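Please read the structure below before turning to the comments.
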Amino acid sequence: SSRYPLMVDPQGQALRWIKSRELSRIQDFMGQCVTTLANPRMKDQIEFTMGEGLALIIENVENEVDPMLDPVMEKLIMRKCK
């Protein structure tokens, strides 16, 4: 697929499943791996999770997605060496 998954989950069942499935990978970084669009540190969280290869769960997304996420959703990402 050319895009990352976007999940519509009104009952929260899929969210619970994803969190339990990814728990072993994200338990040390739970504060960085779960966020909302209203979080002022979301940009930092995106950079951290992408750099570490972790999942980022953005909860409570309504009708509009922040335009800052468009390049991430479209996989228009440039890799830099450290």
Side-chain angles (χ1 to χ4, degrees):
S1 172
S2 65
R3 292 177 55 121
Y4 287 104
L6 181 63
M7 187 176 5
V8 177
D9 183 30
Q11 296 178 343
Q13 293 173 341
L15 179 61
R16 284 190 301 275
W17 182 80
I18 293 286
K19 282 183 176 179
S20 67
R21 181 157 173 88
E22 292 291 319
L23 183 62
S24 63
R25 293 181 61 213
I26 66 173
Q27 65 186 352
D28 295 335
F29 307 103
M30 190 64 79
Q32 291 282 31
C33 295
V34 180
T35 190
T36 64
L37 288 176
N39 189 334
R41 295 184 45 240
M42 187 174 72
K43 180 179 180 280
D44 297 330
Q45 290 173 307
I46 292 169
E47 290 175 1
F48 174 79
T49 54
M50 289 183 75
E52 297 294 321
L54 298 170
L56 177 65
I57 300 170
I58 303 173
E59 299 178 320
N60 302 325
V61 176
E62 296 294 328
N63 296 331
E64 297 292 321
V65 177
D66 192 320
M68 177 178 60
L69 293 173
D70 288 343
V72 176
M73 296 291 290
E74 296 291 336
K75 293 187 178 179
L76 302 174
I77 301 163
M78 295 174 53
R79 296 178 187 212
K80 292 182 182 178
C81 296
K82 291 183 179 182

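Keep in mind that this is a model prediction, so the values were computed, not measured. Note: hydrogens, waters and symmetry copies are ignored here, and every other heavy atom, side chains too, is used.
- Of the candidates Gln45, Arg41, Glu59, Gln45 is the only one forming a side-chain hydrogen bond (donor to acceptor under 3.5 Å, both in side chains) with Thr35.
- Summarising the geometry, atom CG belonging to Leu37 is positioned 9.0 Å from atom CG belonging to Asn60; distances are rounded to the nearest 0.5 Å.
- Closest of all the heavy-atom pairs between Val34 and Leu56 is N-CD1, 4.4 Å.
- Here the straight-line distance linking atom CD of Gln32 with atom CG of Leu54 works out to 9.5 Å at 0.5 Å rounding.
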| Derivation and outcome, side-chain contact (heavy atoms from CB on, under 4.5 Å), residues Asn39 and Ile58 | CA-CA 10 Å; Asn39 189 334; Ile58 303 173; over 6 Å; no
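- Across Cys33 and Thr49, no two heavy atoms sit closer than the pair SG-CG2, 4.0 Å.
- In this structure, CD on Gln13 lies 7.0 Å from CG on Asp9, to the nearest 0.5 angstrom.
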